[in-house]
Amino acid sequence: MPTITQLHGLTVRQIREIFKSISSDALPLHWLDGWLSYVLNQPLAFFITDGDYQPTEDELSNIQAGLARLSSGEPLAYLIGRQSFWGREFLVNAHTLIPRADTEILIETVLNHPKFKQNADRLDDTKKPITILDLGTGTGCIGITLALELPLAQVTLVDVSAEALKIAAQNSQRLEAGCQVLQSDWFAKVVDKFDLIITNPPYINENDEHLARLQHEPITALVAAESGLADIRRIIEEGRAYLNDGGLMVIEHGFDQAAAVRTLYEQAGYANVRTVQDYGANDRATLGQYRQDDRGGE
């Protein structure tokens, strides 16, 4: 990793060439560029238009400090305290998972679902507001995005972590989403019923080799027992009591868990169960409808 002395006197263009040479799968170039952009408080275009700029000593010190954290595997989002999701910036911290592009497929799935598609346009007096529960909300990115994309939707953000809920509440306020927040261990303190329950719960097997690359994110938001299915099972089974008749449940899961999750839905009496793929063509989320009169979904 280059030292401050080695970076001293170099232009932004030269520093970026060094970044390209040290980048890797574990230290992607967009992290390095993102940190440089953050330290200089300049857009990425600045590297082209003002490539001869020489960072100050203070800027070099900050660049080096960030390089040390990035090289340890700490994600860029934690350094700068924010991450983009569905075109909006969300605050993040060490108590929240970092929003990922693959999770955006949950938003797309809901907005395109016949049950909610008609409400993507502004509601009028003839349309009933949608009630949404975002379980294990973290940053609030899922629930807040739906609140903003579905006008007059009533969204409740739930998380067991008080620190995560603080971030979710800040994001809701910053983005003027008007979401309610509730600290609860899944459904423990939930009392209402909803048209939609949506969640990105822990689903990684505790022995999964990929956990080594996620060491900086909260482990309780990542790992679940029963080969990663324990929390998903609980949500599917307990969630029936918190869905309005014909309500929809959407759950994110691992790329290799789709068949098992569909089975859990079907065993619990859900209808219209199907899996959707993310933008990398991996099975990413499974949804189902629950009708209390057992007549099947719509």
Side-chain angles (χ1 to χ4, degrees), residues 27-28 30-44 46 59 62-63 65-70 72-108 110-111 132-151 153-186 198-202 204 213-223 250 252 278:
L27 185 61
H30 72 268
W31 281 10
L32 297 168
D33 278 349
W35 180 241
L36 184 60
S37 176
Y38 178 80
V39 170
L40 300 181
N41 194 28
Q42 296 289 347
L44 294 178
F46 179 81
E59 289 171 338
N62 288 333
I63 291 170
L67 287 178
R69 293 172 64 182
L70 292 172
S72 74
E74 187 172 356
L76 173 67
Y78 286 151
L79 270 68
I80 66 177
R82 63 178 185 265
Q83 176 68 25
S84 177
F85 183 84
W86 202 261
R88 300 181 179 94
E89 292 289 329
F90 286 82
L91 301 178
V92 303
N93 68 10
H95 302 282
T96 67
L97 290 182
I98 298 169
R100 288 168 167 79
D102 286 341
T103 299
E104 293 186 356
I105 196 63
L106 276 70
I107 306 299
E108 185 175 310
V110 171
L111 297 182
I132 299 173
L133 179 65
D134 177 9
L135 277 179
T137 191
T139 63
C141 65
I142 296 174
I144 291 170
T145 298
L146 289 174
L148 295 171
E149 296 297 325
L150 296 169
Q154 299 170 355
V155 178
T156 301
L157 310 175
V158 168
D159 206 291
V160 70
S161 167
E163 294 301 320
L165 274 182
K166 288 180 183 179
I167 292 295
Q170 289 178 38
N171 281 323
S172 178
Q173 183 176 14
R174 286 176 58 254
L175 296 171
E176 300 181 353
C179 298
Q180 297 182 356
V181 297
L182 174 66
Q183 186 177 5
S184 176
D185 182 5
W186 298 130
I198 191 164
T199 180
N200 177 14
I204 299 178
R213 299 181 62 178
L214 301 172
Q215 60 181 316
H216 292 277
E217 298 189 65
I219 192 70
T220 55
L222 294 168
V223 173
V250 182
E252 179 171 336
D278 59 27

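Because the structure is predicted, anything quoted here is derived from the model rather than measured. Residue numbers count from 1 along this sequence.
Remark: of the listed residues Leu182, Val181, Thr96, Val181 is the sole one forming a side chain to side chain contact (heavy atoms under 4.5 Å, CB included) with Leu165.
Across all non-hydrogen atoms, the minimal contact from Ala147 to Val155 is CB-CG2, 3.6 Å. For Glu163 against Asn93, the heavy-atom pair with the smallest separation is O-ND2, 4.4 Å. The nearest pair of heavy atoms linking Ala164 to His95 is CB-O, 3.8 Å. A pairwise comparison of heavy atoms in Trp35 and Leu70 identifies CB-CD1, 4.0 Å as the closest pair. When every heavy atom of Ser37 is checked against every heavy atom of Leu44, the shortest pair comes out as CB-CD2, 3.9 Å. The nearest pair of heavy atoms linking Glu89 to Arg174 is O-NH1, 3.3 Å.
From Thr103, atom OG1 reaches atom CG of Asn200 across 4.5 Å, with rounding to the nearest 0.5 Å. Leu76 contributes atom CG, which lies 10.0 Å from atom CZ of Arg69 (distance to the nearest 0.5 angstrom). Going from atom CG of Leu36 over to atom CD of Glu59 covers 9.0 Å, rounded to the nearest 0.5 Å. Distance check, rounded to the nearest 0.5 Å: CD of Gln154 to CD of Gln180 gives 8.0 Å.
Of the possible polar contacts, one joining the Gln183 side chain to the Val160 backbone as a donor-acceptor pair under 3.5 Å is found. At distances below 3.5 Å, not a single donor-acceptor pair connects side-chain atoms of Thr139 with backbone N or O atoms of Ala168. With hydrogens and angles ignored, the 3.5 Å screen pairs a side-chain donor or acceptor of Glu104 with a backbone N or O of Trp86. Asn171 places a side-chain N or O within donor-acceptor distance of the main-chain N or O of Leu91, the cut-off being under 3.5 Å. At least one donor-acceptor pair under 3.5 Å links the side chain of Ser172 to the backbone N or O of Cys179. A donor-acceptor contact shorter than 3.5 Å links the side chain of Thr145 to the backbone of Cys141.
Looking at heavy atoms from C-beta onward, Val92 lies in side-chain contact with Pro99 at the 4.5 angstrom threshold. Contact annotation: the side chain of Leu146 approaches that of Ile107 to within less than 4.5 Å [non-hydrogen atoms, C-beta and beyond]. Residues Ile144 and Phe85 form no side-chain contact, since every pair of their non-hydrogen atoms from C-beta on lies 4.5 Å or further apart. Ile132 is not listed as a side-chain neighbour of Val110, based on a closest heavy-atom distance of 4.5 Å or more. Side chains of Leu32 and Leu67 form a contact here, defined as non-hydrogen atoms less than 4.5 Å apart.
In Asp185, the CG atom is crowded: over 12 heavy atoms of neighbouring residues, nucleotides or ligands sit closer than 6.0 Å.
With sequence neighbours left out, Tyr78 forms a ring pair (Phe, Tyr, Trp, His ring centres under 6.0 Å) with no residue at all. With sequence neighbours excluded, no residue satisfies ring pair (Phe, Tyr, Trp, His ring centres under 6.0 Å) with Trp31.
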Leu148 vs Arg88, side chain to side chain contact (heavy atoms under 4.5 Å, CB included): CA-CA, chis, key distance, verdict: CA-CA 11 Å; Leu148 295 171; Arg88 300 181 179 94; 3.4 Å; yes

Trp186/Thr199 under side chain to side chain contact (heavy atoms under 4.5 Å, CB included): CA gap, chis, key distance, verdict: CA-CA 10 Å; Trp186 298 130; Thr199 180; 4.2 Å; yes

Verdict with supporting geometry, Thr156 and Thr137, side chain to side chain contact (heavy atoms under 4.5 Å, CB included): CA-CA 9 Å; Thr156 301; Thr137 191; over 6 Å; no

